[in-house]
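The structure appears below as structure tokens.
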Amino acid sequence: MAGEYKPENIYQVETGLKYGSSKFSGTFAAYYTTLVDRVAIQRLNYGGTIGTVDGIKTLQDTKTLGMEVSWLWKFAENLSFNGNFTYQGHELKKDERTVLQSGTVDGVVLVEGDVTNGANVGKQLRRQPTALSTLRLIMIIKN
């Protein structure tokens with residue numbers, strides 16, 4: 001059983017600058033974000049039963065430090081260039097996995113109550129990019 005659920009806590013601090021004129025506008029922001037006590041339950045396949053058993057409970061804390069830049073440059077009467085760029089360094093600060101039910105999954109024997117601490121601490125977050133960017137060249141055609 002997955003046990004009691006407590007909401008995860010997200011804390012973020014952000015600061016930035018904005019600039020604007022008739023030809024150019026832009027923003028810059030820097031931020032720091034932490035997520036505390038994120039709970040994920042991994043459902044496992046035991047004895048031919050597909051994904052119906054709460055097998056592993058993971059409790060994680062994360063940290064992200066990043067910056068974002070956006071701009072719009074009107075360099076001709078009907079032509080402009082705009083975009084944004086985001087960079088973030090992120091990592092796991094806590095990674096605690098608890099086996100909720102004994103069994104064998106993919107040849108690995110799991111024992112209820114076993115706890116693994118720190119296996120992924122210091123690693124980047126899964127499915128979270130470190131850099132993102134969008135660039136656009138816009139031409140306005142008037143009739």
Side-chain angles (χ1 to χ4, degrees), residues 1-46 49-101 103-143:
M1 180 144 210
E4 181 182 323
Y5 173 77
K6 295 178 186 175
E8 57 198 34
N9 297 301
I10 300 172
Y11 303 97
Q12 181 167 333
V13 176
E14 182 172 346
T15 187
L17 301 168
K18 291 183 177 182
Y19 172 80
S21 71
S22 62
K23 295 282 185 186
F24 181 83
S25 63
T27 64
F28 171 82
Y31 60 91
Y32 175 79
T33 305
T34 63
L35 185 142
V36 179
D37 293 333
R38 181 184 187 278
V39 176
I41 302 298
Q42 183 178 356
R43 301 191 60 96
L44 301 175
N45 306 333
Y46 284 117
T49 306
I50 299 175
T52 58
V53 176
D54 291 345
I56 299 173
K57 176 181 175 182
T58 303
L59 186 62
Q60 294 178 328
D61 292 354
T62 66
K63 174 183 90 169
T64 303
L65 185 61
M67 63 79 133
E68 182 171 81
V69 178
S70 65
W71 65 89
L72 172 60
W73 176 33
K74 297 176 184 176
F75 60 90
E77 185 175 335
N78 296 320
L79 204 52
S80 65
F81 174 61
N82 73 0
N84 60 37
F85 175 76
T86 302
Y87 173 80
Q88 54 187 4
H90 46 77
E91 68 176 299
L92 285 167
K93 299 302 286 175
K94 173 179 166 182
D95 183 40
E96 178 181 298
R97 296 167 189 262
T98 304
V99 176
L100 301 174
Q101 182 172 326
T104 302
V105 178
D106 297 329
V108 177
V109 177
L110 301 174
V111 178
E112 184 175 342
D114 276 1
V115 176
T116 305
N117 279 308
N120 293 308
V121 169
K123 294 182 181 177
Q124 290 185 341
L125 308 178
R126 295 186 321 165
R127 296 188 287 282
Q128 184 74 3
T130 54
L132 297 167
S133 185
T134 303
L135 302 173
R136 293 178 212 86
L137 186 59
I138 300 172
M139 179 185 296
I140 299 173
I141 301 172
K142 297 180 182 179
N143 291 344

Applying salt bridge (charged side-chain N to carboxylate O under 4.0 Å, His left out) to Lys94 and not counting sequence neighbours gives Asp37
Glu112 meets the salt bridge (charged side-chain N to carboxylate O under 4.0 Å, His left out) criterion, sequence neighbours left out, with none
Working to the nearest 0.5 Å, report the span between [atom1] of [X] and [atom2] of [Y].
X      : Y     : atom1 : atom2 : result
Gln12  : Thr34 : CD    : OG1   : 9.5 Å
Ile140 : Lys74 : CD1   : NZ    : 7.5 Å
Thr64  : Ile10 : OG1   : CD1   : 10.0 Å
Glu14  : Thr33 : CD    : OG1   : 8.0 Å

Nearest heavy-atom approach of Gln101 to Asp54 is CB-O, 4.1 Å
In short, Lys18 meets Thr27 closest at the heavy-atom pair CG-CG2, 3.8 Å
Could you pull out every donor-acceptor pair under 3.5 Å between side chains of residues 79-91 and any protein atom, sequence neighbours left out?
{"unit_1": "Asn82", "atom_1": "OD1", "unit_2": "Arg136", "atom_2": "NH1", "d": "3.1"}
{"unit_1": "Asn84", "atom_1": "OD1", "unit_2": "Thr134", "atom_2": "N", "d": "3.4"}
{"unit_1": "Thr86", "atom_1": "OG1", "unit_2": "Glu68", "atom_2": "OE2", "d": "2.7"}
{"unit_1": "Gln88", "atom_1": "OE1", "unit_2": "Tyr31", "atom_2": "OH", "d": "2.9"}
{"unit_1": "Gln88", "atom_1": "NE2", "unit_2": "Pro129", "atom_2": "O", "d": "3.1"}
{"unit_1": "His90", "atom_1": "ND1", "unit_2": "Leu125", "atom_2": "N", "d": "3.2"}
{"unit_1": "His90", "atom_1": "NE2", "unit_2": "Gln128", "atom_2": "O", "d": "3.0"}
{"unit_1": "His90", "atom_1": "NE2", "unit_2": "Pro129", "atom_2": "O", "d": "3.2"}

Please walk me through it: do Gln42 and Thr58 pass side-chain contact (heavy atoms from CB on, under 4.5 Å)?
-> CA-CA 8 Å; Gln42 183 178 356; Thr58 303; 5.6 Å; no
Just by modelled atom types, is the Asn120 backbone N or O under 3.5 Å from a matching donor or acceptor in the Asp95 side chain?
yes
Exercise. Using 4.0 Å as the upper bound for N to carboxylate O, is an ion pair formed by Asp61 and Arg38?
Worked result: no
- Task: State, yes or no, whether a side-chain contact exists between Lys57 and Val39 at a heavy-atom distance under 4.5 Å.
- Result: yes
